[in-house]
J.: 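Following this message is one structure expressed as structure tokens.
Since this is a predicted model, take the numbers as computed values, not measurements. Protein chains get the first letters and strands the later ones, always in sequence-line order, with residue 1 at the start of each.
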Amino acid sequence: MDCKSTTPGSNPGAASYSYSDLELTVTSPVRVRFAPSPTGYLHVGGARTALFNWLVARRLGGVYVLRLEDTDTERNTDASVRTIYDGLRWLGLDPDEGPEQGGPKGPYRQSERDELYRGLADELLVRGGVYPCFCTKERLASVREKQIADRVTQRYDGLCRAVSREDAEARVKNGEPFTLRLKVPEGETVLPDLIRGEVRVKNEDIEDIILVRTGGAVVYNLAVVFDDHHMGVTHVIRGEDHLTNTFKQLCIYDAMGWTRPVFAHLPLILAPAGEGKLSKRKHPEAALEWYQRKGYPPEALLNWICLLGWSFDDKTEIMTREEMVERFSIDRVVKSGARLNLEKLDWMSGDYIRRMPLDRVVREITPYLVEAGFVASPPTADEATKIHAVAVAEQGRLRCFSQITELAGWVFAKTVAYEAKAAANLKKRPDTADLLRRYAAALPEPLFADGKALEAWARDWATASGLGFGDLVHPVRAALTGRAQGPGLFEVHLILGHATCVARLSSGAGAAAS
RNA sequence: GCCCCUGUCGUCUAGCCCGGUCUAGGACGCUAGGUUCUCAUCCUGGAAACACGGGUUCAAAUCCCGUCAGGGGUACCA
């Protein structure tokens, strides 16, 4: 384990940074990390944190590492680990160092670093940063209960701080179970935050939290510090929900005599309408997988997420990944929480899809058509032709790829289902059934090779029948697609082909007459 | 309860640090119209915000204080 050989106090990169010169740092290696805990899905907010870290690393020529914070063995799952890997890969945010790719500062899962932690915890104890606590869970609970009843701040009362070193050693030797608690010093702790400026807290407001559990397992707040230090992390960029933790962690850095990294606390992402942050139960859109399943282009999602809490200027909306790298800076991150705006995502995604090469659209929509049972897997040659035509016809309307099934269902349907508006279009005039039959009979099959020619013919036919073009178009569209809107009518003709058109026109006439 | 963070159109934001150029800009959405066979796209227009109250100042969205509101934290979770 490389981390073992690193001596305390040596954090090569961090020493040269102050909180104001992140942007000036070019010569020393910047190291940032994304450190999710694999206890569920990958949160959009997590994805944004990963993105911002990645951006900082790319921008400054640094290293972006992934570390799995899996010290809570109760809640970790392998499935969750996989969604993290998948999600990051999908977004193109693969780490430079991490559990999958390895690296010089591994291992990158906290569960595999226990040995390191134990040694370091011992040292922390020797340095007086931590003290043994023999309080039972029961006593802790009753203390808390009383504090609640007295409407007084809930916090460890510090009983075991008073235990003398000799007593403590004796009790430990005696086999009495104990935890290790942070010994918060007197005074005040100041956090220079890249985004928030200086945040200060009186140390009396920092609790003597448990850092090592009964049995010796370390707790998150200790593991992060040990890891960030030994992995040479220079900038800790994470969600604001960690802000209070940071003060505890700062105490640990100081107790160990280590140089503190630079911190930046990102604003939280809030639920679209309701209050509070996104929760999985109430907000499926909290999970990155939700977007993957809906088929948003990852580059669109990245663009959207990037603009959540950060902006380049007062105009810029659409950016390539390269432009993001070029323009990103942590000091343009806003301080206030951002609500998810899914309408904006739809707009942005639609824009990306519209400007995308056609073959990509074809490739992306195919799985959804397969899943819907519209085409075989893999599609037959005929179906492939159809998919291509559908892609051409609907590219301009798609907001995400999964939408293709509702947009183009009519192409693959055996029988046409009429939407309310389409049904109305079939019945607007009493002679519609007759119109549709005459139109079907007149439809010239040879013209199905050329939409323009077919349209020209149809216009003439309408005029000759004494109809406005619209009078023809609306009922025909209804009969052909069952819908009131969609691609150009003659595009529709070509996609369906002559025989299908005639059949649907005739069914449409039936529906119009009934 | 206690600690911390935040507060510009419905939403994301620019502007705030270095007060006047802000009758507060952009985007999404909404809305009126134009183009088109419909929808989408595209074009043109519109409604829409400095949380509130005090200061400081010739002048405040911009500085200070208070209030209110929202958010986060408050575990032998991360």
Side-chain angles (χ1 to χ4, degrees), chain A residues 35-39 69-72 74-76 110 133 135 137 140 144 147-148 150-155 177-181 191 193 195-197 199-202 204-207 209-215 217 219-221 223-224 239-247 265 267-268 270 272-273 275-277 304 307-318 332 334-348 350-351 354 394-399 407 421-422 425 455 458-459 462 468-474 476-478 481 483-490:
Chain A
S37 69
T39 52
E69 312 241 301
D70 56 352
T71 49
D72 185 354
E74 302 279 296
R75 301 198 303 156
N76 300 312
Q110 291 188 327
C133 172
C135 295
K137 287 187 181 182
L140 262 20
R144 192 169 308 135
Q147 287 170 335
I148 292 171
D150 295 350
R151 316 191 81 222
V152 118
T153 306
Q154 301 164 42
R155 195 175 299 150
F178 66 98
T179 60
L180 255 27
R181 278 187 187 273
L191 162 68
D193 188 279
I195 294 166
R196 268 145 240 282
V199 183
R200 35 185 80 227
V201 159
K202 291 187 284 295
E204 63 198 53
D205 289 322
I206 305 175
E207 184 175 8
I209 54 160
I210 288 174
L211 256 20
V212 178
R213 301 179 174 107
T214 311
V219 139
Y220 162 77
N221 272 301
V224 211
E240 197 193 344
D241 48 341
H242 286 284
L243 194 54
T244 9
N245 284 327
T246 305
F247 292 96
H265 288 93
L268 259 23
L270 276 16
E275 304 311 334
K277 57 177 181 180
W304 177 64
L307 259 13
L308 238 40
W310 176 82
S311 68
F312 175 60
D313 57 19
D314 58 341
K315 299 250 162 26
T316 308
E317 300 284 343
I318 306 288
R332 283 199 62 86
V334 300
K335 299 175 184 171
S336 48
R339 257 168 239 287
L340 243 32
N341 188 175
L342 294 173
E343 283 86 25
K344 187 152 183 173
L345 203 219
D346 277 339
W347 162 77
M348 192 171 269
D351 191 68
R354 254 173 264 126
E394 303 289 1
Q395 179 170 21
R397 261 167 293 266
L398 285 172
R399 299 217 153 70
L407 246 34
K421 216 168 164 200
N425 284 346
E455 175 170 357
R459 284 183 186 273
F469 192 47
D471 297 329
L472 172 68
V473 157
H474 296 299
V476 169
R477 173 186 303 283
T481 71
R483 316 196 58 180
Q485 15 75 297
L489 224 215
F490 301 94

J.: State whether A:R332 places a side-chain N or O below 4.0 Å from either non-bridging phosphate oxygen (OP1 or OP2) of B:G15.
T.: yes

J.: Do any side-chain nitrogens or oxygens of A:R151 fall under 4.0 Å of OP1 or OP2 in B:C2?
T.: no

J.: Pick base, sugar-phosphate or nothing for A:T71, based on heavy-atom distances below 4.0 Å to the nucleic acid.
T.: sugar-phosphate

J.: Just checking A:V476: base, sugar-phosphate only, or nothing, at a heavy-atom cut-off of under 4.0 Å?
T.: nothing

J.: Just checking A:T153: base, sugar-phosphate only, or nothing, at a heavy-atom cut-off of under 4.0 Å?
T.: base

J.: Measure distances between side-chain N and O atoms of A:R477 and base N and O atoms of B:C37, and say whether any donor-acceptor pair falls under 3.5 Å.
T.: yes

J.: How is A:Q154 classified with respect to the nucleic acid when contacts are heavy atoms under 4.0 Å: base, sugar-phosphate, or nothing?
T.: base

J.: Parallel, tilted or perpendicular for A:H242 and A:Y220, by the 30°/60° rule?
T.: tilted

J.: Report which part of the nucleic acid A:P487 touches: base, sugar-phosphate, or nothing (heavy-atom distance under 4.0 Å, all strands).
T.: base

J.: Heavy atoms from C-beta onward define the side chain here; which of B:G26, B:C76, B:C77 lies closest to that of A:K137?
T.: B:C76

J.: Would you say A:R213 reaches B:A78's phosphate, i.e. side-chain N/O to OP1/OP2 under 4.0 Å?
T.: yes

J.: Please work out if A:L268 contacts a base, only the sugar-phosphate, or nothing of the nucleic acid, heavy-atom cut-off 4.0 Å.
T.: sugar-phosphate

